[in-house]
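Since the model is a prediction, treat every value here as computed from it, not as a measurement.
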Amino acid sequence: MKPDPEGDPGDQPTQEHQAPEITFDEQFYPARPKRFRPSARRSLWRRRADRRGDEEMADNREYVEWLVEESMLHDANRLASQLSGSGSMWQNPFAHPDPRAAVERASVWFTAYPLSFVTGRGESYLSALADRRLWEAFRWIGIEGVHTGPVKLAGGLNGRRLTPSIDGHFDRISMNVDPEFGTEEEFRMLCATATEYEGTVIDDIVPGHTGKGADFRLAEMAYQDYPGIYHMVSIAPEDWELLPEVPEGRDSVNLDADTEAVLERRGYIIGRLQRVIFFEPGIKETNWSVTRCVKGVDGVQRRWVYLHYFKEGQPSINWLDPSFSGMRLVIGDALHALADLGAGGLRLDANGFLGAEKSAEEEPAWSEGHPLSEAANHFIASMIRKMGGFSFQELNLSMDDIKVMGESGADLSYDFVNRPAYHHALVTGDTEFLRLTLRMALDMGIDPASLVHALQNHDELTHELVHFSTVHRDDLFTWRGEQVRGEDLAEEVRQTLNTRLTGVKAPYNRTFTTNGIACTTATVIAATLGIRDIGLITPEERERIKDVHLLLAMFNALQPGVFALSGWDLAGMLTVDAADVADLIADGDTRWLNRGAHDLRGVDEPSTEGRMPAGRSLYGTLSEQLADQNSFASGLRRILEVRARYGIAIAKQIDVPDVSNKAELVMVHELTDGNLQITALNFSGEEITGSVRSEHLPPGAQLTGMFDDADLGTVDDLRSFSLTLGPYAGRSILVTPAG
């Protein structure tokens, strides 16, 4: 049944040595004090090059100096010089990931998105996030951490003119906070407010690429070690005839497959990669692009071919160049977030694509699951831990890669293991595939406590199912009583999701390339319930959507690990009308449909400039919801209160047993006090009754409902008990041994 109702470090460094607080590895000392946080300032001794000329060319020394001052690598060097040789850099353990320590610091996250978070006129995004009324609401609900999303300058530079971001600010070009979102001081104030409410702020770094900012422009000019930041190769003038012309008004153009192959044969590049993300005919047919002719600081004209896993404006960082300048840039960005701005954790974006190596003839280059990615992630995550922070990765690769990278890299990984599976369970009313993925993770040693279990974020509903469609494509899996190849299983799940959630029956959702579906959690549910026109949702349908939404929250929250949700979830947002974002989705990036503006605070005069158009909210503002005990936020609060009271976030998952009804899911967890907790969920619209059985259940144990303290009987001698679950409802059950 459903749950029953119920400090700023200052501007100048000190020269006096300060002995840090002594800390000890919790492996030996369980009562280790909180981590020591070194500090540094990027803006210290910063100057701007004088503008003495207007020629934005490599032979204009003033322009080159201006680019250097604007570059991320220059800031990284400045930060490193303040921290090198400091005893404060050795006070925290860093070698091994510590997921439970990260979960204990903040186990429930609000994942924000700057372009979609409604602010008032004259109010910045960062100052709005620091609103104490918002943090009061978060604390009431049970939210402990805020992931800001990308807030630093992004896009590119054309001369001195900024060009806009082409990937939602994930094409970073500076450590400066984008004035569109606020200031560095406002970021620090946000961190201070979070600390006041015993919360944590989580920032982003992007280890895989930058935008085309000062660092890339200096690389094109062959300035010092800047070319070493990127996977870029200078093509000899005698081979320029092989290269396509760059159209007027552009600074680069994508290579076609034939040119890619020729340049590989001539020894310039490693050729085609394992897949082309964002593939679009005539726009992106390969992962390589070529620049226009660029004059270097040495007077030499060059054309460069550069790698970009994602869009043309996101040149990939080279993690194994002899200069190690790419590594220095990324580590410097992490230092800035932790030591200067005051963030407690960092999200590593696109960190699974940090190594690329030429393969055997006629085979694609090795670009996914590469050992260099593992090594680079170990470096990044170790530095973050050394600075007293934690990290999580959004790694949409195989479970094997998630396990390997989780052994030495980021503390936490986004739950791409079960995300497509729980959506599949919802749309089919059958949990078989979800039970399969949960058990596989358990068997492989992937600790659920190391995963970030999420509802919606800024991206599409991802269902690439890489584990099944690549590394394990020829392996056999038991599926509906038969042995099925991994590739065929992935395709069946993918097609089921696409068919049930998009098309004529759900025109408000759209596929996003081959990766997934542009949708919100509410529109996934609407499609599942057979609602064709989301503009005509009735009050009764709204209540059904809310109930299913709480079921999905229970799946993600009532298991070990981090539970994450967004403003789109809290407000019950629907997708925006395609006509309102026509220019943004014109190149095939349909994800803008699920990024509608949402107002959690009830802003009197919302700012609209530079923001996403608003979608429809089903649940209303947080203040409205908190006043209604039957609201989504109130239901969420009851779930999170049980999660916190019993320490489910740091429990140990020990079983995902068979079920007597295909719509049922049961997870068994061992709590830190030795008792067991059971999460039992019904993914169908019908009431179900059946037997729950697990070898871990002790005969005679008492069963108690955690939401209502109801007496649910005892475990019988067969280690089982009978349970009834209402439509789209769930139970959290405490198992207390007899005696």
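Scanning all heavy atoms of the two residues, the minimum distance from Leu129 to Leu134 falls at O-CD2, 3.9 Å.
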Practice prompt. Carefully, step by step, assess Glu185 and Arg188 under the rule salt bridge (Lys or Arg N to Asp or Glu O under 4.0 Å).
Written response: CA-CA 5 Å; Glu185 194 53 42; Arg188 296 186 190 101; 3.1 Å; yes

Item to complete: List the steps, then state whether salt bridge (Lys or Arg N to Asp or Glu O under 4.0 Å) holds for Asp587 with Lys284.
Response: CA-CA 10 Å; Asp587 65 352; Lys284 186 187 177 187; over 6 Å; no

Discussion item. Go through it in stages, so that I can follow the logic: the residues are Glu280 and Lys311, the test is salt bridge (Lys or Arg N to Asp or Glu O under 4.0 Å), and I'd like the CA-CA distance, side-chain angles, deciding distance and then a yes or no.
Written reply: CA-CA 10 Å; Glu280 193 73 27; Lys311 297 183 179 182; over 6 Å; no

Worksheet item: Would Glu491 and Arg494 count as a salt bridge (Lys or Arg N to Asp or Glu O under 4.0 Å) if you check the C-alpha gap in whole Å, the side-chain angles of each, and the deciding distance to 0.1 Å?
Response: CA-CA 5 Å; Glu491 184 58 25; Arg494 185 180 294 113; 3.0 Å; yes

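Here Met175 contributes atom CE and Ser71 contributes atom OG; the two are 8.5 Å apart, rounded to the nearest 0.5 Å. In this structure, Leu115 CG and His169 NE2 are separated by 6.5 Å, a value rounded to the nearest 0.5 Å. Between the CD atom in Gln456 and the OG1 atom in Thr520 there is a gap of 5.5 Å [rounded to 0.5 Å]. Considering CZ of Phe353 and CZ of Phe310, their distance stands at 4.5 Å, rounded to 0.5 Å. In this structure, Glu186 CD and Leu341 CG are separated by 12.0 Å, a value rounded to the nearest 0.5 Å. Interatomic distance, Tyr113 OH to Arg595 CZ, rounded to the nearest 0.5 Å: 4.0 Å.
Side-chain atoms of Thr193 and Arg132, non-hydrogen and from C-beta on, do get closer than 4.5 Å to each other. You'll find the side chain of Thr148 reaches within 4.5 Å of the side chain of Leu190, heavy atoms only. Using a 4.5 Å heavy-atom cutoff, the side chains of Glu543 and Val548 are not in contact. Ser252 places none of its side-chain heavy atoms less than 4.5 Å from the side chain of Val290. Phe216 places a side-chain heavy atom less than 4.5 Å from the side chain of Tyr230. Here the side chains of Tyr414 and Leu451 are not in contact, with every heavy-atom distance at 4.5 Å or above. Within the 4.5 Å cutoff, the side chain of Ile317 has no heavy atoms near those of the Leu354 side chain.
Results of the side-chain contact (heavy atoms from CB on, under 4.5 Å) test with Asp215 over Leu329, Ile173, Leu157 single out Leu329 as the only residue that passes. The side chain to side chain donor-acceptor pair (under 3.5 Å) test with Tyr619 singles out one residue from His549, Gln625, His598, and that residue is His549. Each of Asp333, Asp178, Asp204 was scored for a salt bridge (charged side-chain N to carboxylate O under 4.0 Å, His left out) with Lys152, with one residue passing: Asp333.
Salt bridge Arg217/Asp251: present, at least one basic N to carboxylate O contact under 4.0 Å. Under the 4.0 Å criterion applied to side-chain N and carboxylate O atoms, Asp167 and Arg591 are assigned as salt-bridge partners. Between Arg347 and Asp203 no salt bridge is recorded (no basic side-chain N to carboxylate O distance below 4.0 Å).
Counting only N and O atoms by type, the side chains of Thr428 and Asp430 include no donor and acceptor under 3.5 Å apart.
Ring geometry for Phe683 against Phe555 counts as perpendicular: the plane angle is over 60°, on a 0 to 90° scale with 30° as the lower cut. Under the 30°/60° scheme for interplanar angles, the aromatic rings of His147 and Phe392 are found to stand perpendicular. Ring geometry, Phe138 versus Trp135: the interplanar angle exceeds 60°, so the pair is classed perpendicular (tilted spans 30 to 60°).
A side-chain hydrogen bond (donor to acceptor under 3.5 Å, both in side chains) check over residues 501-511, counting only residues at least two apart or in different chains, returns the pairs Asn509-Thr523. Sorted by first then second residue, the side-chain hydrogen bond (donor to acceptor under 3.5 Å, both in side chains) pairs that include residues 571-586, not counting sequence neighbours, number zero.
The side-chain hydrogen bond (donor to acceptor under 3.5 Å, both in side chains) test applied to Ser607 returns no partner, not counting sequence neighbours.
The aromatic ring centres of Trp592 and Phe512 sit 6.0 Å or more apart.
Summarising the local packing, CD of Gln495 is surrounded by more than 12 heavy atoms from other residues, nucleotides or ligands at distances under 6.0 Å.
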